[in-house]
Colleague: 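I have a structure here, written as structure tokens, and I will follow up with some questions on it.
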Amino acid sequence: MARLVSLADGVADLVRDGDVVALEGFTHLIPFAAGHEIIRQGRRELTLVRMTPDVIYDQLIGAGCARRLVFSWGGNPGVGSLHRFRDAVQHSWPRPLELEEHSHAGMANRYVAGASGLPFAVLRGYTGTDLPRHTTNIRPITCPFTGETLTAVPALRPDVTVVHAQRADRAGNVQMWGITGVQKEAVLAAHRSLVTVEEIVDELEPVPGQVVLPGWAVTAVAEAPGGAHPSYAQGYSVRDNDFYRAWDEVSRDRDTFRAWLERHVHRTGAAA
Amino acid sequence: MARLVSLADGVADLVRDGDVVALEGFTHLIPFAAGHEIIRQGRRELTLVRMTPDVIYDQLIGAGCARRLVFSWGGNPGVGSLHRFRDAVQHSWPRPLELEEHSHAGMANRYVAGASGLPFAVLRGYTGTDLPRHTTNIRPITCPFTGETLTAVPALRPDVTVVHAQRADRAGNVQMWGITGVQKEAVLAAHRSLVTVEEIVDELEPVPGQVVLPGWAVTAVAEAPGGAHPSYAQGYSVRDNDFYRAWDEVSRDRDTFRAWLERHVHRTGAAA
Amino acid sequence: MSARSEPGLRAPQSRTNGDPVSEENALAAWTADEMMTVAAARQLRDGAACFVGIGLPSTAANLARVTHAPNLVLIYESGCLGAKPDRLPLSIGDGVLADTADAVVSVPEVFNYWLQPGRIDVGFLGAAQLDRYGNINTTVVGDDYAAPKVRLPGAGGAPEIAASCGEVVVIVRQNLRTFTERVDFVTSVGYGSGPGDRERLGLRGGGPRLVITDLGVLEPDPVTRELTLTSLHPGVTREQARAATGWDLAVAERLSTGAPPTTHELTVLRALEATKHGSPR
Amino acid sequence: MSARSEPGLRAPQSRTNGDPVSEENALAAWTADEMMTVAAARQLRDGAACFVGIGLPSTAANLARVTHAPNLVLIYESGCLGAKPDRLPLSIGDGVLADTADAVVSVPEVFNYWLQPGRIDVGFLGAAQLDRYGNINTTVVGDDYAAPKVRLPGAGGAPEIAASCGEVVVIVRQNLRTFTERVDFVTSVGYGSGPGDRERLGLRGGGPRLVITDLGVLEPDPVTRELTLTSLHPGVTREQARAATGWDLAVAERLSTGAPPTTHELTVLRALEATKHGSPR
């Protein structure tokens, strides 16, 4: 059974300096509150993993938490580029950021391999692109039946995966619905997992399209209402598209970004 | 969009002599009515594929439709052995039956590879067992990152997959729920597919736990109320456990079996 | 409440003790299969995740859940995680399993995401044949695979359950047909041909920890990995156990005797069994 | 209704024809981006399954669905199959996509079961750079990957969309920044370095069938695979197109001129665009 913890305790316990950390969520259900708590607690030297590093990773990178990023698409969805990410890559600010870059199909399959206890996954992918030139984590593999050449990618096994979901019950069974992305795989691939939820309830009423993660497969659950904002939790909130648009301006300038971080993250405590 | 057809037309159109045919369903939602129609239409030389060939495959084998069986567990669930299957293997009655035998994990992954457009799947499986001695379809494969040896199995690509589901709408979108087994993979792995349903409705009301197959990924849909009996369709019927128990006696003797087939299959027409 | 006994099973007569005149006596008159099921259920610790095959394993696991292990997590290969059936399913896919599960997942998922990575603590297997190293045959009886004496159902989920679960518990009736010097077909690997074999094969689960029969309990010797009789059910002798074994059965120095089923265990077990004997509601 | 224009885009002035004094004139005063979107929408046949990226591809696909292709199947990489949004999503994961989809599946599933096997007819891609063989860069600008001039978002789903869809339609503004002799990074393969390359690489989809820009439409030459200007938008000259291309642009013998947006197309497009400009309800 998952432990029920406060967000601050969950992050203190499960996210450690130098960890490989995946905060997943595909536009929907992005664990912003947990990301802010990681910034507040001053984690350093993280390898951040995520298919779509967006605004929360822009914040973590700008705050200096990350040493390395493993990803497949780093942008502000529907708006444009991530300026803190760019600044780190182009000007090493606030510190250099190593990159390991994949395609979505590759990243998704790396999580699948991790969740499946396999050392690698096979896909039709990357062929002819320049991506394999920049990492040893994309290799050819030959089908033992047809002789065909396909692509192999190694399993992702984060030290800790953090996701946000709509609900959990008191045994830590987690329920999410709507666009659930790669969250199940990311949790199952990780050594430890922290799930923030909109609410903890006595009983999980079944919902169409739900994904349920049994409590015994999750390390800890923390209640964090609104914890996905400016992303959203279907049935609880809508995506704050204005925030995403405004982020473009906030993040363009280092000082504006620092002021934003000070005011909206550091001076705001985590939910108890 | 899937075509809406009668069961008789669907089988006549999509299931051909000599085909590789998968009728899937994991205890729940087994397409008995479609299997009976295949028997009635006198199909021959089929390669039958199925993880759990149970009573419906016992009937198809006893009726002489099959040349070959690709499977992982052939029994009467909770009751015992399949006597027609045994008789075919042990005494070639009514004709010899070639076997290709796998584990559940292997068969499930073979369907996954088929659905994924990959020539093979990788798993931790079969190691140390006698299964690889009897087929060339289980081979070692080496991880290009760790050097570890794992097991590869080739994709299953049935000529036609037949499954039963609770509902479809008029565009042929198929909805099933409860235990949905490997049906999605089996349909997506196949070149053609036929789905029998309890009912065709105007609108698919979302249901918790549902799997929806879009109509453009299905070849044809036939209404066949009760088409899973003695298996069941959650929300429509319950498993007829008495039938499964009674089958043990019916199938033990060739003549009793033939009489049963004559009465309950041949003299019963398909739903129009 | 009919005792399920199989033709050819040499049921030790000593275990139906006396005339069932009173209800207490009726309860006391347990069968060998009941003792086996109870012994298996007792081995399941509360909170464990348990991969359950149909038949005796399912009965034992549900008995444990209803008695001492209310938080036992039952996983069925049909994709039901955390099923809490209020009656015994006849198959691994009865509706009651999906209705009561914490989550219902696809069959590929249950094998790939749940079994393969070693998330399941205990795998519960039956056997048609078993050898001294706990290797299991459920495929064919006879030397010739292509022309078997008896064609059995086959592997199902067993090879990977035996490979990947934290530990394996085997439930099998003990007699010369089942306890064979050499299995005719290795469907599921126990300890292979002895120490180090699982490691050489790269099997990551621990292998058979217990074999529970209608006569007693066997455990692998920590060094030789050979199954060793460590406990007898009440009323069974070591000679009976050795006579029911197709090899020279090793017996532990300290051979214990298991406790008979309690009235509570028997009452619950029989109530469970009664739910299996009709079609579900 | 503000026209989205990008700094550096050399918008051909000829296309805002006159003073928008009347409503009809206002409609007639379409922008280059509107023409591009309308031209792309027209290329989508009803009933096709279309893998849709966010931005112009999503706008064009939804415009097609609301006008001539009501049965267009929109597939978003977030896992929404058959989404029917009544307003434009800002991201590929807006709630309206899940709410209106025929099925919502996991991200691994959308790539493995739906894209990879070639089930999707049309892949709709944008580009930061494009070369004469339709190869696409969305990764870095500059010669040094480790120290790029501009770090772009990266690959996302594009490499496998470009590899596996039945055909690819690229939507990109045409200028010397985007239409380059050589892309700095091959994120997604078009025709590689020419005829036979896709086949040699084992890419199973057909590759770019159309490149739709704010100036016109390009199609690969059937023999050389080189992108060839086959159609100009109204008011654009071939010289403008050649001047906006970083290589010696091939022009078809029969160069056609596309029809301007109809009043209906413009009305629907602007109504759609208007739904994107606030947060969703």
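Since the model is a prediction, treat every value here as computed from it, not as a measurement. Just so it is clear: chains get the letters A, B, ... in the order the sequence lines come, proteins before strands, and each one is counted from 1.
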Colleague: Considering only NZ, NE, NH1 and NH2 on the basic side and carboxylate oxygens on the acidic side, decide whether D:Asp143 and D:Lys149 come within less than 4.0 Å.
Modeller: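 No.
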Colleague: Look at the side chain of A:Glu198 and the backbone N and O of A:Gly226, then say whether any donor-acceptor pair between them is shorter than 3.5 Å.
Modeller: yes
Colleague: Given heavy-atom pairs under 4.5 angstrom as the criterion, report whether the side chain, backbone, both or neither of A:Met51 touches chain D.
Modeller: side chain
Colleague: Is a side-chain donor or acceptor of D:Thr180 paired with a backbone partner of D:Gln129 at a separation under 3.5 angstrom?
Modeller: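 Between the backbone of D:Gln129 and the side chain of D:Thr180 there is no qualifying donor-acceptor contact (under 3.5 Å).
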Colleague: I need the residue from D:Gly154, D:Pro153, D:Gly93 with the largest number of non-hydrogen atom pairs under 4.5 Å to chain A.
Modeller: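 Answer, by heavy-atom pair count under 4.5 Å with chain A: D:Pro153.
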Colleague: Look only at the side chain of A:Tyr126 and the backbone of A:His102, and say whether a donor-acceptor pair between them is shorter than 3.5 Å.
Modeller: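 No, A:Tyr126 side chain to A:His102 backbone: no donor-acceptor pair under 3.5 Å.
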Colleague: Could you tell me which portion of D:Ser78 (side chain, backbone, both or neither) has an atom closer than 4.5 angstrom to a non-hydrogen atom of chain A?
Modeller: both
Colleague: Going by the side-chain contact (heavy atoms from CB on, under 4.5 Å) test, name the single residue among A:Ile30, A:Leu60, A:Val70 that passes it with A:Arg50.
Modeller: A:Ile30
Colleague: Picking from D:Ser91, D:Ala98, D:Gly192, D:Ala158, which has the most non-hydrogen pairs under 4.5 angstrom with chain A?
Modeller: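 Between D:Ser91, D:Ala98, D:Gly192, D:Ala158, the count favours D:Ser91.
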Colleague: To the nearest 0.5 Å, what is the distance between CZ on A:Phe32 and CG on A:Asp54?
Modeller: 5.0 Å
Colleague: Tell me which of these, A:Asp130, A:Thr52, A:Val182, has more heavy-atom pairs under 4.5 Å with chain D than the rest.
Modeller: A:Asp130
Colleague: Let's test your reading of the structure: which of A:Leu99, A:Leu131, A:Thr180 forms the most heavy-atom pairs below 4.5 Å with chain D?
Modeller: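 Ranked by contacts with chain D, first place is A:Leu131.
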Colleague: Chain A: which of D:Val150, D:Leu203, D:Val140 shares the most heavy-atom pairs with it under 4.5 Å?
Modeller: D:Val150
Colleague: Is there a donor-acceptor pair closer than 3.5 Å between any side-chain N or O of D:Asn175 and the backbone N or O of D:Thr178?
Modeller: yes
Colleague: Side chain, backbone, both or neither: which part of D:Asp197 has a non-hydrogen atom closer than 4.5 Å to chain A?
Modeller: neither
Colleague: For A:Val211, does its backbone N or O pair with a side-chain atom of A:Gln175 as donor and acceptor, under 3.5 Å?
Modeller: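 No: the side chain of A:Gln175 does not pair with the backbone of A:Val211.
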Colleague: Taking the side chain from A:Thr127 and the backbone from D:Leu201, do they hold a donor-acceptor pair closer than 3.5 Å?
Modeller: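 Checked: no pair found.
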Colleague: Which atoms of A:Tyr111 come close to chain D, meaning under 4.5 Å heavy atom to heavy atom: side chain ones, backbone ones, both, or neither?
Modeller: neither
Colleague: Are the side chain of A:Ser72 and the backbone N or O of D:Gly156 linked by a donor-acceptor pair below 3.5 Å?
Modeller: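 Not a single qualifying donor-acceptor pair exists.
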Colleague: Measure A:His91 against the heavy atoms of chain D and call it side chain, backbone, both or neither at under 4.5 Å.
Modeller: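 No part of it gets close to chain D.
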Colleague: Could you tell me whether a side-chain N or O of D:Gln116 sits under 3.5 Å from a main-chain N or O of A:Arg124, the two making a donor and an acceptor?
Modeller: yes
Colleague: Checking the side chain of A:Gln90 only, and the main-chain atoms of D:Arg151 only, is there a donor and an acceptor separated by less than 3.5 Å?
Modeller: yes
Colleague: What residue, out of A:Glu185, A:Gln183, A:His28, has the most heavy-atom pairs lying under 4.5 Å from chain D?
Modeller: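 If we count pairs closer than 4.5 Å to chain D, A:Glu185 comes out on top.
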Colleague: Side chain, backbone, both or neither: which part of D:Arg204 has a non-hydrogen atom closer than 4.5 Å to chain A?
Modeller: side chain
Colleague: Please classify the contact of D:Leu152 with chain A as side chain, backbone, both or neither, using a heavy-atom distance under 4.5 Å.
Modeller: both
Colleague: For chain D, which residues of residues 132-147 of chain A have at least one non-hydrogen atom nearer than 4.5 Å to it?
Modeller: A:His134
Colleague: Examine whether an atom of A:Val112 lies under 4.5 Å from a heavy atom of chain D, and if so say whether it belongs to the side chain, the backbone or both; otherwise answer neither.
Modeller: side chain
Colleague: Short question: side chain of D:Ser188, backbone of D:Ile136 - any donor-acceptor pair under 3.5 Å?
Modeller: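 Side chain of D:Ser188 to backbone of D:Ile136: no pair is present.
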Colleague: Which bit of D:Glu77 is near chain A, if near means a heavy-atom gap under 4.5 Å: side chain, backbone, both or neither?
Modeller: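 Interface part for D:Glu77: both.
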